[in-house]
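Here is the structure we will look at, set down as structure tokens.
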2 protein chains.
Amino acid sequence: MRHNWKSVRDEVAARILRSDYAPGDRLPRDEELAAELGCARSTVVRAMQDLADSGIVERRRKGGTRVPANPVTRATFDIPVTRSEIEARGQSYGYHLLEQTPAPSPLHVTTAFGLSAPQDMLHLRALHLADQKPYIFEDRWIALNTVPEIRDVDLTTLSANEWLVKNRPYSRCTVRFYATNAGSDYGPIFATDPTTPLFVVERTTWVNDAPITSVKAIAHPGYQMLTEVG
Amino acid sequence: MRHNWKSVRDEVAARILRSDYAPGDRLPRDEELAAELGCARSTVVRAMQDLADSGIVERRRKGGTRVPANPVTRATFDIPVTRSEIEARGQSYGYHLLEQTPAPSPLHVTTAFGLSAPQDMLHLRALHLADQKPYIFEDRWIALNTVPEIRDVDLTTLSANEWLVKNRPYSRCTVRFYATNAGSDYGPIFATDPTTPLFVVERTTWVNDAPITSVKAIAHPGYQMLTEVG
DNA sequence: CCCCTTATTAAGTACGTACATAATATTTTT
DNA sequence: AAAAATATTATGTACGTACTTAATAAGGGG
């Protein structure tokens, strides 16, 4: 069964694994590989594009295909809506809106959006619960200029997360991972010591350069983000 | 210029953005879209597969293409060899091997690999410097059964990271992100308080189910992992 | 010898056809 | 009415051809 792109991909990947093609090396041209493996060039192209998407090979017009001299591990994470994440774990989902205040954006939000001046925003603080226990605390700012309808949405039962994702899709998004201390802000929420390290995912979204929302999602102590490659 | 797959992709993405196609909705069949946009079905297929790869649509045989009812943010991170990462920042790279000891794998490493019993491994502790300052500290275990050659490699000048990546490509890898405290282990290394929160990337790699290496990369205080989507 | 122009190369794309495959829907059988 | 066999459907894949494009290499002129 040599005549499908996945087996071509696996064959090329195996050669790289065996160091037949080593980092920095140039691979045979698509046409040659096609002739060697007895398939059409388009099949090799499909296989190679998959390998290129995974960062296993690099392709350049005229330059050919090569194994990167400095290989990288390309990891892909799916960040779901928090409710889906909790339900996928087989736990019950709970949601508490702690605060909902219109306010001008503070400096760190203004700069996250790349704005030159503060804008009117809606500030939300909410807690997501898994089996009644604090799972993720979110601190969110929503740009009222871009999303005025949010004023009329009841956010005490439906999380802003969910409303936005279904009503205000974004065209651009930055994601930032880092570690922080629970401190006096999050310590009480998770009923933990102020020195407890917490994992933070910060996401900022735009639609055609107009700011939508910026969220800090602070995960409960011990939270890990996991993915498989290959 | 409607006759290329990127413009087809962008048109469909724009329709989703405008909520012409809302979460849960089924899109027209490839053939219909092709007729509407005046291109071949294969062009629509190419566009749709790209959208599916980004998680923007879901495709199922017979079921058709639809906008996911529970959208996710799909973020992709490239984790380079540490030296490349530092040099890409325009900083000078430095490397110090702090410890190199053969030892049976401790429990957390044994379980990370999914092994039933401890194996002989090489334990390394090393520090990567950017502009002479501690950047990433790594705590690494290498499976000697799978990579016996590592015994004869001089790891005082070349990091194990680089040697492995060029000589022992992996076929499978898990990546884990989390937060930890500097504590007495890492506090002295980064010259920081034991309560300082630190960002950790833990990677475990195999080649055809044989364990290669498991690394904890502890980043300096303030380290952030950043990516753009869209 | 260096710079600029021109040729060549190998990947990138578009198209159309034919067929495969996995779901789903329908019909038949028990 | 439930279960099993069968038909239908929309995506998935393979192929071959023709053409485009970006990058490199070769050539020519100052």
Side-chain angles (χ1 to χ4, degrees), chain A residues 1-16 20-72 74, chain B residues 1-16 20-72 74:
Chain A
M1 247 264 281
R2 174 66 51 63
H3 293 270
N4 70 63
W5 70 266
K6 285 184 181 178
S7 63
V8 173
R9 176 197 61 186
D10 293 345
E11 170 62 23
V12 173
R15 289 182 186 185
I16 293 172
D20 290 354
Y21 310 137
D25 281 4
R26 180 164 164 179
L27 274 63
R29 292 168 25 234
D30 293 354
E31 240 175 9
E32 295 176 49
L33 267 175
E36 188 205 334
L37 301 176
C39 65
R41 174 163 82 101
S42 51
T43 306
V44 174
V45 167
R46 182 76 175 83
M48 287 304 201
Q49 283 173 343
D50 192 71
L51 290 169
D53 284 344
S54 318
I56 295 176
V57 301
E58 276 174 353
R59 282 163 74 78
R60 297 175 67 176
R61 281 171 160 151
K62 162 92 186 183
T65 305
R66 47 184 63 231
V67 183
N70 293 101
V72 297
R74 184 159 298 168
Chain B
M1 247 261 283
R2 173 68 50 65
H3 292 271
N4 70 62
W5 71 267
K6 285 185 181 177
S7 64
V8 172
R9 177 196 61 187
D10 293 346
E11 171 61 23
V12 173
R15 288 182 186 185
I16 293 172
D20 290 354
Y21 310 138
D25 282 4
R26 181 165 164 178
L27 274 64
R29 293 168 26 235
D30 293 355
E31 242 173 9
E32 296 177 48
L33 267 176
E36 189 203 335
L37 301 177
C39 65
R41 176 164 80 102
S42 51
T43 305
V44 174
V45 168
R46 181 78 175 82
M48 287 304 201
Q49 283 174 343
D50 191 71
L51 290 169
D53 284 345
S54 318
I56 294 176
V57 302
E58 276 174 353
R59 282 162 75 77
R60 296 175 67 177
R61 282 172 160 149
K62 164 91 185 183
T65 304
R66 45 183 65 230
V67 182
N70 294 100
V72 297
R74 184 158 298 168

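Letters go in sequence order (proteins before strands), and every chain restarts at 1. Given the structure is predicted, the values throughout are model-derived calculations rather than measurements.
Closest to the A/Thr65 side chain, of the nucleotides D/dT11, D/dC15, C/dA11, is C/dA11. Set against D/dC15, D/dT8, D/dA25, the side chain of A/Ser42 has D/dC15 as its closest nucleotide. In the set C/dG12, C/dA10, D/dT24, D/dT24 carries the atom at the smallest distance from any side-chain atom of A/Arg60. Closest to the side chain of A/Val45, out of D/dG16, C/dT13, C/dC15, is C/dT13. In this structure, of C/dG16, D/dT13, C/dT9, it is C/dT9 that holds the atom nearest to the side chain of A/Lys62.
Look at CZ on A/Arg61: it is 17 Å from C1' on C/dA7, rounded to the nearest Å. Distance A/Arg41 CZ to C/dC15 P: 16 Å, rounded to the nearest Å. In this structure, A/Glu32 atom CD and C/dT9 atom P are separated by 13 Å, rounded to whole Å. Per the geometry, CH2 belonging to B/Trp5 stands 10 Å off C1' belonging to C/dT13, to the nearest Å. Between the CG atom of A/Asp30 and the P atom of D/dT20 there is a distance of 20 Å, rounded to whole Å. For the pair A/Glu58 CD and C/dG12 C1', the interatomic distance rounds to 17 Å; values are reported in whole Å.
Side-chain to base pairing of B/Arg46 with C/dG12: no donor and acceptor N or O lie closer than 3.5 Å to each other.
Between B/Arg59 and B/Asp30 there is a salt bridge, with a side-chain nitrogen of the basic residue lying less than 4.0 Å from a carboxylate oxygen of the acidic one. A salt bridge links A/Glu36 to A/Arg15: one of the charged nitrogens lies within less than 4.0 Å of a carboxylate oxygen.
Here the NZ atom belonging to B/Lys6 is positioned 13.5 Å from the OG1 atom belonging to B/Thr43, to the nearest 0.5 angstrom.
Residue order along DNA chain C, read from the 5' end via each residue's closest nucleotide, puts A/Met48 first among B/Gly63 and A/Met48.
Contact between the side-chain N/O atoms of B/Arg29 and the OP1/OP2 oxygens of D/dA10 is found at a separation under 4.0 Å. Dashed line: the shortest gap from a side-chain N or O of A/Arg26 to OP1 or OP2 of C/dA10 is under 4.0 Å. Regarding contacts with the backbone of D/dG12, a side-chain N or O of B/Arg59 is found under 4.0 angstrom from either OP1 or OP2. Between D/dT13 and B/Gln49, a contact under 4.0 Å exists linking OP1 or OP2 to a side-chain N or O.
Contact detail for B/Ala47 and B/Trp5: the closest heavy-atom pair is CB-O, 3.4 Å.
Around the CD atom of A/Glu32, the shell of radius 6.0 Å holds more than 12 heavy atoms that belong to other residues, nucleotides or ligands.
Across all strands shown, A/Gly64 has heavy atoms under 4.0 Å from sugar-phosphate atoms exclusively, and none from any base.
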